[in-house]
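Only one structure is covered here, and it is reproduced in the block below.
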Amino acid sequence: MKRFMIICKMELLLFLRDFFSLFFTLIFPVMMLLLFGGIYGNSPVFPGARIGMMDSSVPAYCIMVTGVTGLMAFPLTLAGYKEKKIYKRFDATPAGKKSIMLAQAAVNLAMTFIGIGILLAVGKLLYQVQIRGTAPAVWTGLLFSVAAMFSMGFLFTALGRDVKTTNLLCYLFYFVMLFLSGATIPDQLFPDQIKKVAAFLPMTYAVDLMQGIFAGDGLSRYGRELLVLGAVTAGCAALGAVLYRKKDWT
């Protein structure tokens with residue numbers, strides 16, 4: 001355990017030195033909150049809406065954070081270590097490559113929840129954002145969303161032959177999902193054509209799930225969202241593991 005904690009500390013320092021990951025995990029979502037909060041406040045998203053703009057936006061921004069760590073920071077770190085043969089070097093040590101991969105996952109997971117915590121604190125302080133759902137429901141929604149994003153990132157790392165290919169896959173899928181899933185702009189404002197495209201994006205289901213839970217809905221109303229996110233997690237993780245074992249890149 002002591003050895004693992006030392007590796008985690010090393011990976012945390014490397015994460016904090018990565019301006020891109022640090023900025024988009026901890027700062028950018030808060031900037032989005034302040035920008036749209038300054039424009040709309042927490043008034044209803046559209047006439048007849050039961051929640052305010054920030055009540056709807058904050059859970060969506062939480063998914064934005066999971067996307068940054070799960071689809072960009074985590075997989076690009078894996079890809080970089082893989083390309084530089086760092087995992088093979090760790091295999092020659094008592095620590096082994098599994099320890100460093102678990103440490104990377106743990107650090108990115110911790111930073112995910114720190115980013116979400118900061119976002120919720122700012123939303124509560126400035127715009128009185130309400131979380132009407134129960135704590136178990138909120139945690140369940142977050143864990144399903146995090147698992148789906150991280151498993152997709154893991155798959156992209158397995159698919160990419162090098163850092164550039166992985167970078168392309170991660171950037172492409174992240175930004176497409178970011179703008180079409182409702183993570184930045186409420187999907188209630190989208191035309192029907194965009195909604196049809198968004199229905200094929202896993203992040204759309206994560207956003208809908210978290211917005212519903214924050215609004216006070218029970219998990220039973222979101223069986224489809226949970227099923228899709230669970231299927232994405234299982235499918236991407238399994239396929240990624242097969243590809244890693246087949247190509248033996250680590």
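Everything quoted here is computed from the prediction, not taken from an experiment.
Distance alone, capped at 3.5 Å, places no donor-acceptor pair between the S56 side chain and the M53 backbone. Although no hydrogens or angles enter the test, the distance criterion places no donor-acceptor pair under 3.5 Å between the side chain of S57 and the main chain of M54. Judged by distance alone, with hydrogens and angles left aside, the side-chain atoms of T157 form no donor-acceptor pair with the main-chain N or O of L78 at under 3.5 Å. In this structure a side-chain-to-backbone donor-acceptor pair under 3.5 Å is missing from Q211 to L209. Judged by distance alone, the side chain of T204 and the main-chain N or O of F200 form no donor-acceptor pair under 3.5 Å. Although no hydrogens or angles enter the test, the distance criterion places no donor-acceptor pair under 3.5 Å between the side chain of Y61 and the main chain of F28. Judged purely by atom type and a 3.5 angstrom limit, N108 has no side-chain atom pairing as donor or acceptor with the backbone of G70.
With contacts defined as side-chain heavy-atom distances shorter than 4.5 Å, the pair D192/K195 qualifies. Using a 4.5 Å heavy-atom threshold, the side chains of I114 and T25 count as separate. Side-chain contact between P59 and I213 is absent, with no heavy atoms from C-beta onward closer than 4.5 Å. Using a 4.5 Å heavy-atom cutoff, the side chains of L22 and M111 are in contact. Taking the side chain as every heavy atom from C-beta outward, S181 and I63 never approach each other to under 4.5 Å. M72 places none of its side-chain heavy atoms less than 4.5 Å from the side chain of S21. Considering only heavy atoms from C-beta on, D55 stays 4.5 Å or farther from F214 through its side chain. In this structure, the side chains of D18 and T77 stay at 4.5 Å or more apart for every pair of heavy atoms.
Hydrophobic clustering (ILVMFWY, side-chain heavy atoms < 4.5 Å, transitive): F19 and L76 are in one cluster. Linking ILVMFWY residues whenever their side-chain heavy atoms come closer than 4.5 Å, directly or via other members, places I131 and L219 in the same cluster. Note on L178 and L35: same hydrophobic cluster, where clusters join Ile, Leu, Val, Met, Phe, Trp and Tyr whose side-chain heavy atoms are under 4.5 Å apart, directly or indirectly. Hydrophobic clustering (ILVMFWY, side-chain heavy atoms < 4.5 Å, transitive): V232 and L226 are in one cluster. With hydrophobic clusters built from ILVMFWY side chains whose heavy atoms lie under 4.5 angstrom apart, I6 does not share a cluster with L16.
Ring to ring, F24 and F20 are close: their centroids are under 6.0 angstrom apart. Between F113 and W139, the distance separating the two ring centers is shorter than 6.0 angstrom.
Looking at F154, F15, Y174, F150 one by one, the single match for ring pair (Phe, Tyr, Trp, His ring centres under 6.0 Å) with F74 turns out to be F150.
Enclosure of atom OH in Y127 by more than 12 non-hydrogen atoms of other residues, nucleotides or ligands within 6.0 angstrom is indicated.
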Does L126 form a side-chain contact (heavy atoms from CB on, under 4.5 Å) with L33? I'd like the steps, not just the answer.
CA-CA 10 Å; L126 297 183; L33 177 66; over 6 Å; no

Can you check side-chain contact (heavy atoms from CB on, under 4.5 Å) on M149 and F144, steps first, answer last?
CA-CA 9 Å; M149 297 303 112; F144 267 78; over 6 Å; no

Using the rule given for side-chain contact (heavy atoms from CB on, under 4.5 Å), can you reason through M152 versus C236, listing the C-alpha separation, both sets of side-chain angles and the distance that settles it, and then say yes or no?
CA-CA 6 Å; M152 288 180 65; C236 291; 3.8 Å; yes

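Neither side chain, Y222 nor D208, offers a donor N or O lying under 3.5 Å from an acceptor on the other. Judged by distance alone, the side chains of T66 and T112 never bring a donor and an acceptor atom under 3.5 Å apart.
When all heavy atoms of S145 and M210 are compared, the closest pair comes out as OG-CG, 4.2 Å.
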